[in-house]
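Computed from a predicted model, the values in this text were never measured in an experiment.
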Amino acid sequence: MSNKEAIAALALAQSQMKTPHKDATNPHFRNRYASLKSCIKAIKPALNDNGFALIQAAGKDEEGHYMQTTFEHTSGGLFTSKFYLEPEKKGMQGLGSAATYAKRYGLLGLAGIEPDEDADDDGNAADEKPAAPKPQPKPQPKKPDPEAEHDAAVREEQNSQPSSTPQQLTDIIENKIKNASATWQIKKIHQDHNQHFKVIKEHDENKSKELAAYLKTRWDQLNTGER
């Protein structure tokens with residue numbers, strides 16, 4: 001069955017999607033980000049108006065637990081993305097937090113949009129007259145969040161290299177793959193640089209295939225305990 005109708009509908013939906021507003025703050029890094037609620041509010045109406053149902057369902061396979069995001073069109077065509085969960089905390093609370101994280105990134109990735117990069121909220125807060133300081137309890141050391149640190153580094157890298165050439169993008173991705181020490185980092189490389197992979201493929205398809213093969217090889221090495 002041809003998927004042309006669904007592709008055309010998704011293209012139209014993307015043109016109508018809004019930019020998710022950064023409505024939440026990371027208490028560890030004090031940086032603002034778009035919550036899952038904000039992402040759904042910005043994306044789902046355009047999908048529904050163009051005949052798509054948004055489905056986000058949990059599952060498990062030989063590689064672990066995952067959250068699968070699907071845009072299913074009334075024509076029968078569908079687009080899907082699978083995001084594996086790696087909770088930092090044990091128990092349902094850790095799994096729930098990881099699932100929310102996976103829903104947010106799966107939705108943004110499949111929609112092909114980025115959250116609002118406007119920092120006006122921070123600027124407005126700085127302009128306000130500060131309230132009298134209140135005694136604060138001594139902060140307790142917080143456990144490092146490697147995924148949050150990775151996300152911050154990716155944002156800084158993307159903002160500092162807005163006009164990288166395909167070769168520069170290739171070098172950046174290859175270096176990240178080489179230095180990856182965990183499977184979640186390999187998954188994040190594929191997700192964070194999804195658009196860059198497309199740029200590289202348009203420029204040099206053979207180089208794109210070599211890069212994809214290197215990514216898979218490194219995944220297999222880390223998955224078997226090789227560093």
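With sequence neighbours excluded, no residue forms a side chain to side chain donor-acceptor pair (under 3.5 Å) with E72. Applying the side chain to side chain donor-acceptor pair (under 3.5 Å) rule to Q195 yields no partners; only residues at least two apart in sequence or on another chain are considered. K216 pairs by the side chain to side chain donor-acceptor pair (under 3.5 Å) definition with D220, not counting sequence neighbours. Legend: residues meeting side chain to side chain contact (heavy atoms under 4.5 Å, CB included) with P45, ordered by chain and number and at least two apart, are absent. For the side chain to side chain contact (heavy atoms under 4.5 Å, CB included) test, residues two or more places apart in sequence or in another chain that qualify with H65 are K60, L85. In terms of the side chain to side chain donor-acceptor pair (under 3.5 Å) criterion, S208 has no residue partners (sequence neighbours excluded).
Side-chain contact between L211 and E174 is present, with heavy atoms from C-beta onward closer than 4.5 Å. Taking the side chain as every heavy atom from C-beta outward, T183 and E86 approach each other to under 4.5 Å. The shortest side-chain heavy-atom distance between N3 and L78 does not fall under the 4.5 Å cut-off. Put simply, the side chain of I173 does not reach to within 4.5 Å of the side chain of Y214, judged on heavy atoms. I55 is not listed as a side-chain neighbour of Q68, based on a closest heavy-atom distance of 4.5 Å or more. With contacts defined as side-chain heavy-atom distances shorter than 4.5 Å, the pair L108/P20 qualifies. Between I200 and K207 the shortest side-chain heavy-atom distance falls below 4.5 Å.
In this structure, the separation between NE2 on H73 and CG on L10 is 9.0 Å, given to the nearest 0.5 Å. Once rounded to the nearest 0.5 Å, the distance linking OG1 of T165 with NE2 of H203 reads 7.5 Å. Note that OG1 of T74 and CZ of F52 are 8.0 Å apart. Values are rounded to the nearest 0.5 Å. Between the NZ atom in K18 and the CD1 atom in I43 there is a gap of 12.0 Å [rounded to 0.5 Å]. Between the CG atom in N48 and the CZ atom in F71 there is a gap of 10.5 Å [rounded to 0.5 Å]. In this structure, NZ in K188 is found 5.0 Å from CZ in F83, a value given to the nearest 0.5 Å.
No donor-acceptor pair closer than 3.5 Å links the side chain of Q191 to the backbone N or O of K187. Remark: side-chain polar atoms of S81 are not paired, donor with acceptor, to backbone N or O of G106 under 3.5 angstrom.
When all heavy atoms of V199 and L169 are compared, the pair lying nearest together is CG1-CD1, 4.0 Å. Between R32 and T25, the closest heavy-atom pair is NH1-OG1, 3.5 Å. When all heavy atoms of T69 and K103 are compared, the pair lying nearest together is OG1-O, 4.5 Å. Here the closest heavy-atom approach between residue S35 and residue R104 is recorded as C-CD, 3.8 Å. Nearest heavy-atom pair, A99 versus M67, reported as atom, atom and distance to 0.1 Å: CB-CE, 3.8 Å. Taking each heavy atom of A180 and R218 in turn, the nearest pair found is O-NH2, 3.0 Å.
By the rule that hydrophobic residues join a cluster once side-chain heavy atoms approach within less than 4.5 Å of another member, I189 and Y66 end up as members of separate clusters. In this structure, M17 is a member of the same hydrophobic cluster as I40, with clusters built from ILVMFWY side-chain heavy atoms closer than 4.5 Å. Grouping the Ile, Leu, Val, Met, Phe, Trp and Tyr side chains by contacts below 4.5 angstrom, directly or via other members, places L107 with F79.
The environment of K82 atom NZ is dense: over 12 non-hydrogen atoms of other residues, nucleotides or ligands sit within 6.0 angstrom.
Comment: D192 does not engage K176 in a salt bridge, judged by the lack of any side-chain N to carboxylate O separation of less than 4.0 angstrom.
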Please lay out, stage by stage, how L215 and I186 fare under the test side-chain contact (heavy atoms from CB on, under 4.5 Å). CA-CA 7 Å; L215 188 76; I186 296 295; 3.8 Å; yes

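No side-chain donor from either of D49 and Q16 sits under 3.5 Å from a side-chain acceptor of the other. Neither side chain, E210 nor N206, offers a donor N or O lying under 3.5 Å from an acceptor on the other.
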